[in-house]
A.B. asks: 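Take this structure, written in structure tokens, and hold onto it; I'll ask about it next.
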Amino acid sequence: MKKITSRLAAMAIALTMAVSGMTALHPLDAAAVTSADLSISQNGIAFICSYEGFHSTCYEDNTQSSIGYGTKCTGSSTQPHAAGSHSITQEAAYEAMTSQIDSTYSVKVRNQTSGLEMNQNQFDALVSFAYNTGGGTTMIQKSPLVQYLQGTLTQAEATAQYAEYKITSGGTVLNGLINRRKAEAELFFTGITDTSVSTGTVTSAAGTYFPACASSYTSIVEALQSIGVDSSYAYRKTIAAANGISDYTGSADQNTQMLNLLKAGTLINPDGTSSAPTTPTVSYFPACASSYTSIVEALQSIGVDSSYAYRKTIAAANGISDYTGSADQNTQMLSLLKAGTLINPDAAPVTTTTTTTTTTTTKTTTVTSGAAPSTGVQNIVARANYMYNSTWVAQETITGWNGNYTFTKGSTYRIPYGQPIAQGKYIGFGVSVENFLTAAANASSIFYTSKSYLSGTSKSSTYYANDCSAFVSYCWGVSRTTTSYWSTLDVTSLGKVSSGTVSSIQVGDALNLAGSHVVLVTAIDSNGNIEITEQTPPQLKKTTYTPSDLISKYSSYTIYRYNDRDSVPAPPANTGGSSSNYFPACASSYTSIVEALQSIGVDSSYAYRKTIAAANGISDYSGSADQNTQMLSLLKAGTLINPDAAPVTTTTSTTTKTTTTTTKTTTTTTKTTTTAKTTTTPTKTTTTTTETTALTTPQTTTASTAATTYTETTSSTAESPSGEPVLLPKELTILVGETADFYLTNVNDSQEITWISSNKNVATVSDGVVTGVSAGTVTIYAVIGNVYCEAVVNVTAAQSSTQPEPEVFYGDINLDGSISQLDVIYINKYIAKVLDFTDEQKDAADCCADHSINGADTTTLIQYIIRMISDLPVIPG
């Protein structure tokens, strides 16, 4: 085995090639040799580095825990490290990778290609494949590339078959593997001419064209090579000019345009006559404008039926089988339509007269390379700007993420950074932007008075905050997805940020480094400068980079494009309460949601407040202090949604109430009161009851308090009259020092209400607002005339703010704030003893609440994910 020498000395060269996108490949050796005489080159090392990427800590790499440049990350035993728990330097990672290549993967290539001749690029490509897949015992030998070396497949056949060779993980096709197979094949066949494919040109009466290539090709370089044509950049530039593609730079759009012409057999050969055919053998739709990004809009622009059914027919006529409306299929049709080579399935004659159209495009800061963004992409940017433009003024001085920075009272900030995983809420997910802004405007809100803590650590955050993955997830309109799992979304990977890919970046794309950070592209100006918006400490920010600066900073990041970006909804259209969708703002002096609603002429009954709460995302409304305060804050800000969505005026309407007259007969009532104060004797409208109660003297706002004891006996022989006052909620629980609102139904502003607490040492009450004093239970009375209404208040001791008790989020095993199939995988790994759990993860994994973690928890979690059960945990018995 030939050992690679001077690795550290050559490392800088290899890594420079890796981050530059492999724009230059080593030329082929003059003569091929057997694989036994070859070792991987620095070019091959750089190629592998460019696809593996460097990770300083452990990360989940599809089927294993990896570190560095894709080497397996295990501890002293065979147990893998947990993600992020182990670190490595770049130099050490490079040594580990090259050592494994020398000792294992180069050896596998030699053994499985024994006796076959190949050149350096071919050996490098096979080692890359082995390093990526493990190589197996016959995996390399059975690959289409080796079958090409054996002479059983042509270059075109090998390339086409290799594009589908080993591109799945766990049964799922991965875009990253598709891109890697494509690049390995391109490296393998660099400079090779496939003599088994006929070369030359096809000549018509009017001109000379290259022969059509197979429809399966996705690269103009590979397609030209498949028909024996020089695929160098210089000659492609010549071909482009001959076909009316000016200023050829090798961009994705230009290459796609040439490729579509070549597939249709209409790519002009610059060495022949460059006139267009006069009689096409098939009929094409007229070309649409190049600015379109949606096949639906593009077809509509030329007056063609854009329905799914007809698009399916068009796809079949153009060799796109099994059309499902996927992003790849739509992009393929759109490219053909832009090039004027989309076949018309109805075979209507299409003239070939070239019409010169001058299009004037007004470029804005969200235009990408001259193409107007689709509505969905505009919405992605609008959602980013909506969050970016949401500012708040600190009402108190508080510390941000892990105490590393300070939000100073009176200063203005954007959305704060934090990771409120164990407790607290992600802005945009657990809490809306509007509700966060409302909380930020109230110094007494939970935003200022509580902290959240990162799971399993002592790192603290503001109660409401956002992190990088939550921000981009919000902008894309997907559930919160962490950076380690960005590739599992419905995305297309465009590869790492490099000189070869930076020109392909579009507005709305995300740049992601697994396990570290993700940012969003929100604008590209006419000079190609790229604006990045990111959630990062201490607050959301925007930065504009030149292409070279972007490559320098984000070379290890992968470019992802959301395939379903056209479905992204717009952000909230109104945040200021001027729309009729909101109630008008009440005066800021109100402390009761009941009074505040009444002040603007809105029904304040419990039933309607429950409806309002549901419309504003406040679930399970019970009339608690937190819920009422949340609604009141929204109402003061003018952002309380009106569930009836009708304009609300501040004129109080007069309501005529019809009440059925009920005769009530009350018999003997005897009440003995010991007090230094004269009070009105109330009649309690209940059935016959004898009770002895220790009370404080009924108090109005100005009355003094005095202890009193009374015995009351009442009897009633008729039911209560319609419209009897009711105190709600009937029971609630608050913390010591916390307040809550009570409210009465069927009372009017002219009626005097006296509030009583059965034990002021446990809780006090004033104007319907109860305040917890110490742990215990009290009865709260509201006295209206001669009617007593009552409710029960349970006061519990306040929780320590320095020792928060984490809330169990059952099913969220990986602690990413959501429940998905990934959590099922985590449980299975734990059961198989290949993954350890923190105590918090163990609690979350106990989906059956039986204090054990086993297959029953896995089954229960799957049932929850597919909606067979509605809630977790499932209580045994």
Side-chain angles (χ1 to χ4, degrees), residues 57-66 73-86 170 402 418-426 429-430 450-461 467 469-470 479-485 488 515 799-877:
T57 59
C58 287
Y59 63 100
E60 291 295 323
D61 189 11
N62 296 324
T63 59
Q64 70 176 35
S65 176
S66 299
C73 183
T74 57
S76 56
S77 65
T78 58
Q79 293 294 315
H81 283 292
S85 65
H86 179 55
N402 203 26
Q419 294 184 358
I421 294 175
Q423 295 137 319
K425 304 292 183 183
Y426 276 101
F429 290 92
S450 295
K451 282 280 187 179
S452 66
Y453 290 81
L454 181 62
S455 304
T457 75
S458 61
K459 294 182 178 180
S460 65
S461 171
D467 66 359
S469 55
S479 60
R480 181 179 174 270
T481 303
T482 59
T483 58
S484 296
Y485 300 102
T488 65
Q799 295 178 344
S800 170
S801 60
T802 57
Q803 297 292 332
E805 187 67 28
E807 178 183 358
V808 177
F809 189 0
Y810 288 98
D812 182 18
I813 320 301
N814 61 357
L815 306 177
D816 67 349
S818 63
I819 300 174
S820 68
Q821 192 65 34
L822 294 173
D823 298 297
V824 177
I825 295 172
Y826 265 61
I827 290 187
N828 288 335
K829 285 187 175 182
Y830 176 83
I831 295 172
K833 300 187 184 302
V834 297
L835 187 65
D836 290 329
F837 279 177
T838 64
D839 289 343
E840 185 178 1
Q841 287 178 302
K842 290 177 182 177
D843 289 341
D846 186 15
C847 297
C848 294
D850 58 358
H851 306 294
S852 64
I853 302 173
N854 50 43
D857 296 296
T858 302
T859 301
T860 300
L861 185 55
I862 292 173
Q863 290 175 336
Y864 176 80
I865 291 172
I866 64 176
R867 297 295 185 263
M868 288 181 64
I869 58 177
S870 60
D871 203 4
L872 293 175
V874 174
I875 307 300

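Computation of the quantities below employed the complete heavy-atom set of this structure, encompassing side-chain atoms and omitting hydrogens, waters and symmetry-equivalent molecules.
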A.B. asks: Checking the side chain of S461 only, and the main-chain atoms of K459 only, is there a donor and an acceptor separated by less than 3.5 Å?
C.D. replies: no
A.B. asks: Does N854 offer a backbone N or O that forms a donor-acceptor pair with the side chain of D857 under 3.5 Å?
C.D. replies: yes
A.B. asks: Counting N and O atoms only, with roles assigned by atom type, does the side chain of S460 sit under 3.5 Å from a partner on the main chain of S452, one being a donor and the other an acceptor?
C.D. replies: no
A.B. asks: Could you grab the distance from atom CD1 of I813 to atom NZ of K829, nearest 0.5 Å is fine?
C.D. replies: 13.5 Å
A.B. asks: How many angstroms lie between CD1 in I819 and SG in C847, if you round to the nearest 0.5 Å?
C.D. replies: 7.5 Å
A.B. asks: To the nearest 0.5 Å, what is the distance between CG (D850) and SG (C848)?
C.D. replies: 5.5 Å
A.B. asks: Should K842 and Y830 count as side-chain neighbours, where that means a heavy-atom distance under 4.5 Å?
C.D. replies: yes
A.B. asks: Between K425 and P420, what is the shortest heavy-atom contact and its length?
C.D. replies: O-CG, 3.3 Å
A.B. asks: Rounded to the nearest 0.5 Å, what separation is found between the CD1 atom of I865 and the OG1 atom of T860?
C.D. replies: 11.0 Å
A.B. asks: Are any non-hydrogen side-chain atoms of Y485 and L822 less than 4.5 angstrom apart?
C.D. replies: yes
A.B. asks: Please determine whether a side-chain nitrogen of the Lys or Arg among R480 and D467 lies less than 4.0 Å from a carboxylate oxygen of the Asp or Glu.
C.D. replies: yes
A.B. asks: Can you tell me how far apart CD1 (I831) and CD1 (I853) are? Round to the nearest 0.5 Å.
C.D. replies: 8.0 Å
A.B. asks: Does a side-chain heavy-atom distance below 4.5 Å link Y810 with Y864?
C.D. replies: no
A.B. asks: Keeping Q863 on the side-chain end and I869 on the backbone end, is there a donor-acceptor pair under 3.5 Å?
C.D. replies: no
A.B. asks: Which heavy atom of S469 sits nearest a heavy atom of T481, and at what distance?
C.D. replies: CB-O, 3.1 Å
A.B. asks: Say you draw a straight line from CG of N814 to CG of D823; how long is it, rounded to the nearest 0.5 Å?
C.D. replies: 4.0 Å
A.B. asks: How close do Y426 and Q419 get, counting heavy atoms only, and between which atoms?
C.D. replies: OH-CA, 3.7 Å
